[in-house]
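Chain A is the first sequence line, chain B the second, and so forth, proteins listed ahead of strands; every chain is numbered from 1. This structure is a prediction, so every number in the text was calculated from the model and none was measured.
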Number of protein chains: 2
Amino acid sequence: MHKYSKQTRLLLAVDCIILGFDGETLKILLIKRDFQPEKGNWSLMGGFVQPEESIDQAANRNLKQLTGLQGVYLEQLHTFGATKRDPIERTVSVTYFALIDINKYQTQLSQDYHAEWFPLKRTPKLIFDQQEMVEAARKQIRYKAAMHPILFELLPTKFTIPQLQTLYESVFNTAIDKRNFSKRVLATGLLIKLADKDKAGSKRGAFYYQLNMQNYYAKFQAIMNFIPNPDTL
Amino acid sequence: MHKYSKQTRLLLAVDCIILGFDGETLKILLIKRDFQPEKGNWSLMGGFVQPEESIDQAANRNLKQLTGLQGVYLEQLHTFGATKRDPIERTVSVTYFALIDINKYQTQLSQDYHAEWFPLKRTPKLIFDQQEMVEAARKQIRYKAAMHPILFELLPTKFTIPQLQTLYESVFNTAIDKRNFSKRVLATGLLIKLADKDKAGSKRGAFYYQLNMQNYYAKFQAIMNFIPNPDTL
DNA sequence: TTTATAGGTGTATAGCTTACACAAATAAAA
DNA sequence: TTTTATTTGTGTAAGCTATACACCTATAAA
């Protein structure tokens, strides 16, 4: 037996929702599509899955092509499979969302794609069903960030508590009391205070912190505490 | 322009992780695979996505074929795309998990597939990477149930609080204090007390409840409360 | 030297979560 | 008919967590 000979084969693509944070606003990286259909319109970075690569590899490859970054936070989100989503030919798309440190992003690479960062709240019109994909990513980042410390992925290695707070406020679109916020994040044991300050944001300067990687990995999978002794199912 | 002519096409399948609850144990419905390779071995219900159906439709079709059920809780889980996961030919599989009321399940339909319910904790060896798929479903049901009232999908329309508690205890593999449990579920406003009792489980009998559908839909998307005023992003 | 701006910190209150024990109902057994 | 065994159903006190809230500090710029 060599093939499932009677079955129809389809195109499979990946699309990446790439998010970054510039200290003020959550942003999304979009490219100008360089082939038909919809050539020249704003689009997510993506492409067809190749015969010899897994889907995860395809997503990582696309992310690296556009940003130069490897080893960043990249999570499979949802697979979109309506029959007519691509008008040319049926294409199923597996979406991924990536959280990157916007400072490490290599600007020159993205010039080939005419890429641009847009505030997530003011995303331009996107091709096909990509609006829906971005919407799914917005939901997912909140959902996940509410329980896991993923937002740290968006910050540089050294960051200040006010920066972290601004990020949370922008993801959850809400104001948080700074006394309570700092109590809370410090209580997690995730942060190590450094000796130096960031003087860019204010006259007084804010102390830098870095992640306590050990506690970070330990807390990463931490799940809700409202069931006593959650144990393996 | 008619096709993306240079690209490789591949097979796309769906696999369903079908869970049910018999009042004591969380169970998974498996079939004996009826074609090569791995013919005769235990497997998830699934099959190839057809050219004229969406992926969601393919999952619903498979679920209906095996159980006779439509309109049940069915959620896309994850897409598995390792290049060698199917030894015959590269096949990408989109997994779904379904929560069904085991009493509505139509036994005779599943005889064609030689289907059987297994305790989720004692799932037999499965083909390909399906063990991993089941593992992902186990994680997801807990994750989701911790925040959304999805476990009601596993119960009949009329159920008792002790039944509900047994279900939560079996999903989270833990003992819960019944006074606290009943206080909590009643406080959600999700339950409507009925006049009659279930006398099967005990001498005294336990009052039946049914879902308050209005509150159910309202609470369904309810997300964590540890961010003040969560608003649209 | 003054002023303007953002950073950093403590406490009291309310609300929520947890731990915990006994009586009621009734079928089955004696 | 009485006793026994089993499961249901309920309240309260203590500890913990979340929240609301205001002032001083550091420093660059004027």
Across the strands shown, which category fits B/K199 at heavy-atom distances under 4.0 angstrom: base, sugar-phosphate, nothing? sugar-phosphate
Could you give the distance from CD (A/Q76) to OG1 (B/T79), rounded to the nearest 0.5 Å? 4.5 Å
Please report the distance, rounded to the nearest Å, between CG in B/N180 and C1' in D/dA14. 13 Å
Can you tell which of D/dC21, D/dG9, C/dC20 lies closest to the side chain of A/D177? D/dC21
Closest to the 5' end of DNA chain C, once A/K193 and A/G201 are matched to their nearest nucleotides, is A/G201
Give the rounded distance in Å between these two atoms: CG of B/L186 and P of D/dG11. 11 Å
Measure the distance from NZ on A/K197 to P on C/dG8 and round it to the nearest whole Å. 7 Å
Is it the case that C/dG8 (base atoms only) and A/K178 (side chain only) share a donor and an acceptor within less than 3.5 Å, ignoring hydrogens and angles? yes
Nucleotide D/dT17, atom P - distance to CZ of A/R179 in whole Å: 21 Å
Give the ring-plane orientation class for B/F152 versus B/F159, where under 30° counts as parallel, over 60° as perpendicular and anything between as tilted. tilted
Any donor-acceptor pair under 3.5 Å joining the side chain of B/K183 to the base of C/dT17? no
Please report the C-alpha distance between A/Y217 and A/H148 in whole Å, then the side-chain angles of each, then the deciding distance to 0.1 Å, and finally whether the ring-ring contact (aromatic ring centres under 6.0 Å, His included) criterion is met. CA-CA 10 Å; A/Y217 291 121; A/H148 303 278; over 10 Å; no
Spacing between B/I176 atom CD1 and C/dA19 atom P, to the nearest angstrom: 12 Å
Starting from the 5' end of DNA chain D, give me the residue, B/S202 or B/Y209, whose nearest nucleotide shows up first. B/S202
So, OP1 or OP2 of C/dA4: does either fall under 4.0 Å of a side-chain N or O from A/R204? no
Quickly work out the B/K203 NZ to D/dT6 C1' distance and round it to whole Å. 5 Å
Taking CZ from B/R184 and C1' from C/dA19, how many angstroms apart are they, rounded to a whole number? 14 Å
Derivation of the ring-ring contact (aromatic ring centres under 6.0 Å, His included) call for B/Y168 and B/F181: CA-CA 10 Å; B/Y168 271 85; B/F181 183 81; 5.8 Å; yes
Please give, in whole Å, the distance from C/dG8 C1' to A/Q165 CD? 12 Å
As a quick check of understanding, evaluate side-chain contact (heavy atoms from CB on, under 4.5 Å) for B/E75 and B/K144, giving each step before the final call. CA-CA 11 Å; B/E75 177 183 324; B/K144 190 116 189 194; 3.1 Å; yes
